[in-house]
Q: 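My structure is below; once you've seen it, I'll send some questions.
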Amino acid sequence: NVATRIVELDRGKLLSYPGNFAAYLLQKEEQLAQEAVINARADKLLAQEEVWIRKGVEARRTRAVARINRLQELRSYGVLDSPEEQAFDDIGALVRDIAGTPIGIISLVDENRQWFKTCIGLDAKETPRNISFCGHTILQRTPLIINDALEDPRFCDNPLVIQEPHIRFYAGFPLISSNGLALGSLCAVDQQPRQLHDSQIQALERLARLAVRQMELKRQGRLLAQAAQPATTEADAPAPPPARLHQLLTSKDQLISMV
(Lines give C-alpha, C1' and ligand atoms only; values in the text may rest on other atoms or scores of the structure.)
Protein backbone atom coordinates (compact mmCIF):
# COMPACT_ATOMS: atom_id res chain seq x y z
CA ASN A 1 0.00 0.00 0.00
CA VAL A 2 0.96 3.65 -0.18
CA ALA A 3 1.94 3.99 3.48
CA THR A 4 4.26 1.00 3.27
CA ARG A 5 5.80 2.41 0.09
CA ILE A 6 6.43 5.76 1.71
CA VAL A 7 7.98 4.22 4.88
CA GLU A 8 10.38 2.32 2.66
CA LEU A 9 11.67 5.53 1.05
CA ASP A 10 14.69 7.29 2.48
CA ARG A 11 14.38 10.42 4.63
CA GLY A 12 15.17 12.74 1.76
CA LYS A 13 12.31 11.51 -0.40
CA LEU A 14 9.93 11.48 2.59
CA LEU A 15 10.59 15.15 3.16
CA SER A 16 9.47 15.91 -0.42
CA TYR A 17 5.92 14.82 0.30
CA PRO A 18 3.61 17.77 0.98
CA GLY A 19 1.59 18.33 4.10
CA ASN A 20 1.70 16.79 7.54
CA PHE A 21 1.58 13.22 6.27
CA ALA A 22 5.32 13.04 5.62
CA ALA A 23 6.09 14.54 9.03
CA TYR A 24 3.77 12.04 10.65
CA LEU A 25 5.51 9.16 8.90
CA LEU A 26 8.90 10.47 10.00
CA GLN A 27 7.70 10.70 13.59
CA LYS A 28 6.25 7.21 13.35
CA GLU A 29 9.51 5.87 11.96
CA GLU A 30 11.48 7.39 14.85
CA GLN A 31 8.98 5.99 17.34
CA LEU A 32 9.30 2.50 15.85
CA ALA A 33 13.08 2.78 15.98
CA GLN A 34 12.93 3.77 19.65
CA GLU A 35 10.60 0.88 20.40
CA ALA A 36 12.98 -1.47 18.61
CA VAL A 37 15.82 -0.25 20.81
CA ILE A 38 13.68 -0.65 23.93
CA ASN A 39 12.60 -4.13 22.87
CA ALA A 40 16.21 -5.11 22.20
CA ARG A 41 17.20 -3.90 25.65
CA ALA A 42 14.27 -5.76 27.21
CA ASP A 43 15.24 -8.95 25.39
CA LYS A 44 18.80 -8.55 26.65
CA LEU A 45 17.60 -8.04 30.22
CA LEU A 46 15.32 -11.06 29.99
CA ALA A 47 18.20 -13.16 28.67
CA GLN A 48 20.39 -11.99 31.54
CA GLU A 49 17.62 -12.73 34.02
CA GLU A 50 17.27 -16.24 32.63
CA VAL A 51 21.02 -16.73 33.03
CA TRP A 52 20.83 -15.47 36.63
CA ILE A 53 17.89 -17.77 37.37
CA ARG A 54 19.75 -20.77 35.92
CA LYS A 55 22.84 -19.86 37.91
CA GLY A 56 20.74 -19.45 41.05
CA VAL A 57 19.11 -22.86 40.55
CA GLU A 58 22.50 -24.46 39.90
CA ALA A 59 23.98 -22.77 42.97
CA ARG A 60 21.10 -23.97 45.17
CA ARG A 61 21.44 -27.47 43.76
CA THR A 62 25.19 -27.41 44.41
CA ARG A 63 24.65 -26.27 47.99
CA ALA A 64 22.00 -28.95 48.55
CA VAL A 65 24.30 -31.68 47.23
CA ALA A 66 27.13 -30.37 49.41
CA ARG A 67 24.88 -30.48 52.50
CA ILE A 68 23.80 -34.04 51.71
CA ASN A 69 27.38 -35.18 51.17
CA ARG A 70 28.51 -33.54 54.40
CA LEU A 71 25.77 -35.19 56.45
CA GLN A 72 26.43 -38.58 54.88
CA GLU A 73 30.11 -38.23 55.70
CA LEU A 74 29.32 -37.17 59.27
CA ARG A 75 27.02 -40.15 59.87
CA SER A 76 29.52 -42.58 58.36
CA TYR A 77 31.73 -42.13 61.44
CA GLY A 78 29.06 -43.48 63.80
CA VAL A 79 29.96 -40.85 66.41
CA LEU A 80 26.72 -38.89 66.68
CA ASP A 81 24.83 -39.69 69.89
CA SER A 82 27.55 -42.12 70.99
CA PRO A 83 28.55 -42.50 74.66
CA GLU A 84 31.36 -40.52 76.24
CA GLU A 85 34.86 -41.73 75.41
CA GLN A 86 38.06 -40.98 77.27
CA ALA A 87 40.05 -40.26 74.10
CA PHE A 88 37.73 -37.42 73.10
CA ASP A 89 37.43 -36.15 76.67
CA ASP A 90 41.22 -35.91 76.79
CA ILE A 91 41.20 -33.78 73.64
CA GLY A 92 38.55 -31.49 75.16
CA ALA A 93 40.69 -31.10 78.28
CA LEU A 94 43.72 -30.26 76.14
CA VAL A 95 41.69 -27.54 74.42
CA ARG A 96 41.13 -25.88 77.79
CA ASP A 97 44.79 -26.23 78.75
CA ILE A 98 46.10 -24.76 75.48
CA ALA A 99 43.59 -21.92 75.19
CA GLY A 100 43.42 -21.19 78.91
CA THR A 101 39.62 -21.25 78.80
CA PRO A 102 37.20 -22.94 81.22
CA ILE A 103 35.39 -24.79 78.40
CA GLY A 104 36.67 -27.17 75.72
CA ILE A 105 34.29 -28.78 73.23
CA ILE A 106 34.23 -31.17 70.29
CA SER A 107 31.05 -30.29 68.43
CA LEU A 108 29.45 -32.15 65.52
CA VAL A 109 26.85 -30.34 63.42
CA ASP A 110 23.95 -32.16 61.75
CA GLU A 111 20.80 -30.74 60.13
CA ASN A 112 19.25 -29.11 63.18
CA ARG A 113 21.71 -29.14 66.05
CA GLN A 114 25.26 -29.07 67.22
CA TRP A 115 25.91 -32.15 69.32
CA PHE A 116 28.83 -32.31 71.75
CA LYS A 117 30.97 -35.43 71.60
CA THR A 118 32.78 -33.94 74.55
CA CYS A 119 32.05 -30.80 76.51
CA ILE A 120 34.55 -30.17 79.29
CA GLY A 121 33.55 -27.40 81.69
CA LEU A 122 29.93 -27.05 80.58
CA ASP A 123 26.92 -29.21 81.41
CA ALA A 124 25.36 -29.52 77.97
CA LYS A 125 24.96 -32.14 75.26
CA GLU A 126 23.63 -30.12 72.33
CA THR A 127 22.17 -26.78 71.22
CA PRO A 128 20.03 -25.79 68.21
CA ARG A 129 22.09 -25.24 65.10
CA ASN A 130 20.40 -21.94 64.24
CA ILE A 131 21.95 -20.25 67.29
CA SER A 132 25.24 -22.15 67.31
CA PHE A 133 28.65 -20.63 66.79
CA CYS A 134 29.87 -23.89 65.26
CA GLY A 135 27.26 -23.59 62.52
CA HIS A 136 29.32 -20.63 61.29
CA THR A 137 32.63 -22.39 61.78
CA ILE A 138 31.81 -25.27 59.42
CA LEU A 139 31.20 -22.80 56.59
CA GLN A 140 34.91 -21.97 56.42
CA ARG A 141 38.24 -23.75 56.42
CA THR A 142 40.04 -21.39 58.77
CA PRO A 143 39.49 -20.85 62.51
CA LEU A 144 36.59 -18.65 63.59
CA ILE A 145 37.85 -16.59 66.50
CA ILE A 146 35.52 -14.17 68.30
CA ASN A 147 37.45 -12.21 70.92
CA ASP A 148 34.30 -10.57 72.32
CA ALA A 149 30.90 -11.79 71.15
CA LEU A 150 29.16 -8.68 72.46
CA GLU A 151 31.22 -6.62 70.01
CA ASP A 152 30.43 -8.85 67.04
CA PRO A 153 27.19 -7.98 65.19
CA ARG A 154 26.72 -11.63 64.21
CA PHE A 155 26.54 -12.81 67.83
CA CYS A 156 25.86 -9.83 70.09
CA ASP A 157 22.16 -10.76 70.45
CA ASN A 158 22.67 -14.53 70.34
CA PRO A 159 20.81 -16.37 73.15
CA LEU A 160 24.05 -18.16 74.08
CA VAL A 161 25.64 -14.76 74.61
CA ILE A 162 22.95 -12.78 76.39
CA GLN A 163 21.76 -15.83 78.38
CA GLU A 164 23.46 -18.90 79.85
CA PRO A 165 26.26 -19.80 79.31
CA HIS A 166 27.01 -16.10 78.51
CA ILE A 167 29.65 -16.76 75.88
CA ARG A 168 32.03 -13.86 75.32
CA PHE A 169 35.04 -15.58 73.75
CA TYR A 170 34.80 -18.31 71.12
CA ALA A 171 37.53 -19.98 69.07
CA GLY A 172 36.28 -22.64 66.66
CA PHE A 173 38.54 -24.83 64.55
CA PRO A 174 36.73 -26.74 61.80
CA LEU A 175 37.00 -30.52 61.85
CA ILE A 176 37.79 -31.31 58.22
CA SER A 177 37.53 -34.90 57.03
CA SER A 178 40.07 -36.46 54.68
CA ASN A 179 37.80 -35.70 51.71
CA GLY A 180 37.49 -32.02 52.64
CA LEU A 181 34.07 -31.94 54.33
CA ALA A 182 33.48 -30.03 57.57
CA LEU A 183 32.04 -32.30 60.27
CA GLY A 184 31.96 -29.88 63.18
CA SER A 185 34.44 -27.92 65.22
CA LEU A 186 36.86 -28.11 68.08
CA CYS A 187 36.25 -25.03 70.18
CA ALA A 188 37.45 -23.12 73.20
CA VAL A 189 34.88 -21.01 75.04
CA ASP A 190 35.08 -18.44 77.83
CA GLN A 191 32.67 -16.12 79.62
CA GLN A 192 35.29 -13.39 79.44
CA PRO A 193 36.82 -11.68 76.37
CA ARG A 194 40.29 -12.88 75.48
CA GLN A 195 42.77 -13.33 72.63
CA LEU A 196 44.87 -16.24 71.47
CA HIS A 197 48.54 -16.12 70.55
CA ASP A 198 49.72 -17.58 67.25
CA SER A 199 51.30 -20.54 69.04
CA GLN A 200 47.98 -21.36 70.73
CA ILE A 201 46.14 -21.16 67.41
CA GLN A 202 48.63 -23.48 65.74
CA ALA A 203 48.44 -25.98 68.62
CA LEU A 204 44.62 -26.01 68.47
CA GLU A 205 44.70 -26.52 64.70
CA ARG A 206 46.87 -29.60 65.24
CA LEU A 207 44.52 -30.78 67.95
CA ALA A 208 41.54 -30.43 65.57
CA ARG A 209 43.33 -32.68 63.08
CA LEU A 210 43.96 -35.20 65.85
CA ALA A 211 40.26 -35.17 66.77
CA VAL A 212 39.34 -36.01 63.16
CA ARG A 213 41.96 -38.74 63.10
CA GLN A 214 40.45 -40.23 66.26
CA MET A 215 37.05 -40.28 64.57
CA GLU A 216 38.53 -41.96 61.51
CA LEU A 217 40.15 -44.65 63.66
CA LYS A 218 36.81 -45.26 65.34
CA ARG A 219 35.13 -45.66 61.94
CA GLN A 220 37.85 -47.99 60.67
CA GLY A 221 37.54 -50.14 63.79
CA ARG A 222 33.78 -50.43 63.32
CA LEU A 223 34.16 -51.38 59.64
CA LEU A 224 36.78 -54.00 60.47
CA ALA A 225 34.51 -55.48 63.14
CA GLN A 226 31.66 -55.68 60.64
CA ALA A 227 33.91 -57.32 58.05
CA ALA A 228 35.06 -59.93 60.60
CA GLN A 229 31.52 -61.11 61.26
CA PRO A 230 30.82 -64.38 59.37
CA ALA A 231 28.32 -64.08 56.59
CA THR A 232 25.15 -66.17 56.84
CA THR A 233 25.01 -68.92 54.20
CA GLU A 234 22.30 -71.35 53.15
CA ALA A 235 24.10 -74.10 55.07
CA ASP A 236 23.90 -72.02 58.24
CA ALA A 237 20.20 -71.34 57.84
CA PRO A 238 17.85 -73.53 59.92
CA ALA A 239 16.38 -76.40 57.94
CA PRO A 240 12.62 -76.27 57.35
CA PRO A 241 10.55 -78.92 59.16
CA PRO A 242 9.73 -82.11 57.23
CA ALA A 243 6.54 -81.95 55.28
CA ARG A 244 4.89 -84.70 57.40
CA LEU A 245 5.75 -82.89 60.63
CA HIS A 246 4.40 -79.68 59.22
CA GLN A 247 1.15 -81.44 58.42
CA LEU A 248 0.99 -82.88 61.94
CA LEU A 249 1.49 -79.44 63.43
CA THR A 250 -1.06 -77.77 61.24
CA SER A 251 -3.81 -80.32 60.70
CA LYS A 252 -6.02 -81.08 63.69
CA ASP A 253 -8.06 -83.63 61.73
CA GLN A 254 -4.99 -85.67 60.85
CA LEU A 255 -3.86 -85.73 64.48
CA ILE A 256 -7.28 -87.05 65.57
CA SER A 257 -7.28 -89.76 62.87
CA MET A 258 -3.83 -90.94 63.92
CA VAL A 259 -4.99 -91.33 67.52
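Note that the numbering runs from 1 along the sequence shown for the chain. Keep in mind that what you see is a predicted model, and the values were worked out from it rather than measured.
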Q: Quick check: closest heavy atoms across P102 and Q191, and the distance to 0.1 Å?
A: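 Scanning both residues completely, I find the closest heavy atoms to be CG-OE1, 3.6 Å.
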Q: Are L210 and M215 packed together at the side-chain level, in the sense that at least one heavy-atom pair is separated by less than 4.5 angstrom?
A: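 Sidechains of M215 and L210: no contact.
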Q: Closest heavy-atom contact between V161 and A149?
A: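 That closest heavy-atom pairing would be CG2-CB, 3.7 Å.
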Q: Any heavy-atom pair between the side chains of F155 and L160 that's under 4.5 Å?
A: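 They are not in side-chain contact.
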Q: Which atom pairs, one a donor and one an acceptor, fall under 3.5 Å between side chains of residues 196-206 and the rest of the protein, sequence neighbours left out?
A:
{"unit_1": "Q200", "atom_1": "OE1", "unit_2": "H197", "atom_2": "N", "d": "2.7"}
{"unit_1": "Q200", "atom_1": "NE2", "unit_2": "I98", "atom_2": "O", "d": "2.9"}

Q: I need the D97 CG to D90 CG distance, nearest 0.5 Å.
A: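 Nearest 0.5 Å value for the CG-CG distance: 10.5 Å.
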Q: Evaluate the side-chain proximity of N147 to F169: yes if any heavy-atom separation is below 4.5 Å, no if none is.
A: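 Result yes, sub-4.5 Å side-chain heavy-atom pair found.
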Q: Could you tell me if the side chain of I103 sits less than 4.5 Å from the side chain of D190, heavy atoms only?
A: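 No, their side chains stay 4.5 Å or more apart.
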Q: So does D110 get a backbone contact from the side chain of R129, meaning a donor-acceptor N/O pair under 3.5 Å?
A: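 Checking the backbone N and O of D110 against the side chain of R129, a donor-acceptor pair under 3.5 Å is found.
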Q: Can you sort out the partners of D148 under salt bridge (Lys or Arg N to Asp or Glu O under 4.0 Å), two or more places apart, ordered by chain and number?
A: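 Expected list: R168.
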Q: Begin from the C-alpha positions of N158 and I162 and carry the test side-chain contact (heavy atoms from CB on, under 4.5 Å) through to its verdict.
A: CA-CA 6 Å; N158 188 294; I162 60 178; over 6 Å; no
Q: So which heavy atom on W115 is nearest to which on E126, and how close?
A: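 Looking at all heavy atoms of both residues, the closest pair is CD1-OE1, 3.7 Å.
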Q: Does E84, at its CD atom, have more than 12 non-hydrogen atoms belonging to other residues, nucleotides or ligands within less than 6.0 Å?
A: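 It does not: E84 CD has 12 such atoms or fewer within range.
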Q: With a 4.5 Å cut-off on side-chain heavy-atom distances among I, L, V, M, F, W and Y, is there a chain of contacts connecting L122 to I167?
A: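 The answer is yes; both residues are in one hydrophobic cluster.
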Q: If every non-hydrogen atom of S107 is compared with every non-hydrogen atom of L175, which pair is closest and at what distance?
A: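 Scanning both residues completely, I find the closest heavy atoms to be O-CD1, 4.0 Å.
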Q: Find the distance between OG (S82) and OH (Y77) and round it off to the nearest 0.5 Å.
A: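 Here the interatomic distance stands at 14.0 Å.
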Q: Given side chains that start at C-beta, do those of I176 and V212 come closer than 4.5 Å, heavy atoms only?
A: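 In short, these two side chains do not touch, never coming nearer than 4.5 Å.
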Q: Could you grab the distance from atom CG of D89 to atom OG1 of T118, nearest 0.5 Å is fine?
A: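 Nearest 0.5 Å value for the CG-OG1 distance: 3.5 Å.
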Q: Any side-chain heavy-atom pair from C187 and V95 closer than 4.5 angstrom?
A: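 SC-SC contact between C187 and V95 ruled out.
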Q: Between R113 and D81, does at least one N-O distance fall below 4.0 Å, as a salt bridge requires?
A: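 Here R113 pairs with D81 in a salt bridge, since their nearest N and O are under 4.0 Å apart.
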Q: Which one of Y170, F133, F173 satisfies the side chain to side chain contact (heavy atoms under 4.5 Å, CB included) criterion with S185?
A: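 When side chain to side chain contact (heavy atoms under 4.5 Å, CB included) is applied between S185 and each of Y170, F133, F173, only Y170 qualifies.
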Q: Is E85 salt-bridged to K117, cutoff N-O under 4.0 Å?
A: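 Salt bridge between E85 and K117, a charged N being under 4.0 Å from a carboxylate O: yes.
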Q: Begin with the C-alpha distance, continue with both residues' side-chain angles, and end with the deciding distance and a verdict on side-chain contact (heavy atoms from CB on, under 4.5 Å) for I146 and R154.
A: CA-CA 10 Å; I146 311 298; R154 294 171 296 178; 3.3 Å; yes
Q: Do V109 and R70 come within less than 4.5 Å of each other through their side chains, counting heavy atoms only?
A: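 Yes, close enough: below the 4.5 Å cut-off.
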Q: Just how far is it from atom CD of Q72 to atom CZ of R75, taken to the nearest 0.5 Å?
A: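 It comes to 8.5 Å.
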Q: Please round to the nearest 0.5 Å and tell me the distance separating atom CD1 of I106 and atom CG of L183.
A: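 Going from the CD1 atom of I106 to the CG atom of L183 covers 11.5 Å.
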Q: Side chains of L108 and L74: closer than 4.5 Å at any heavy-atom pair?
A: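 Result yes, sub-4.5 Å side-chain heavy-atom pair found.
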Q: Is E111 salt-bridged to R67, going by a charged N under 4.0 Å from an acidic O?
A: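 Between R67 and E111 there is no salt bridge, as every charged N stays at least 4.0 Å from the carboxylate O atoms.
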Q: Checking the side chain of R194 only, and the main-chain atoms of V189 only, is there a donor and an acceptor separated by less than 3.5 Å?
A: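 The answer is no, because no donor-acceptor pair under 3.5 Å joins these two groups.
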Q: If every non-hydrogen atom of L186 is compared with every non-hydrogen atom of A211, which pair is closest and at what distance?
A: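 Distance-wise, the nearest heavy atoms are CD1-CB, 4.4 Å.
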Q: Should we count CZ of R41 as having more than 12 external heavy atoms under 6.0 Å?
A: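 No, CZ of R41 has 12 or fewer neighbouring heavy atoms, counting only those of other groups under 6.0 Å.
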Q: Do you know the tightest heavy-atom contact between V79 and K218?
A: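 V79 and K218 have their closest heavy atoms at CG2-CD, 3.8 Å.
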Q: With sequence neighbours left out, write down each residue that passes salt bridge (Lys or Arg N to Asp or Glu O under 4.0 Å) with E73, or none if nothing qualifies.
A: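 So E73 forms a salt bridge (Lys or Arg N to Asp or Glu O under 4.0 Å) with R219.
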Q: Hey, could you give me the CD1/CG distance between I138 and L144, rounded to the nearest 0.5 Å?
A: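 So the CD1 of I138 and the CG of L144 are separated by 11.5 Å.
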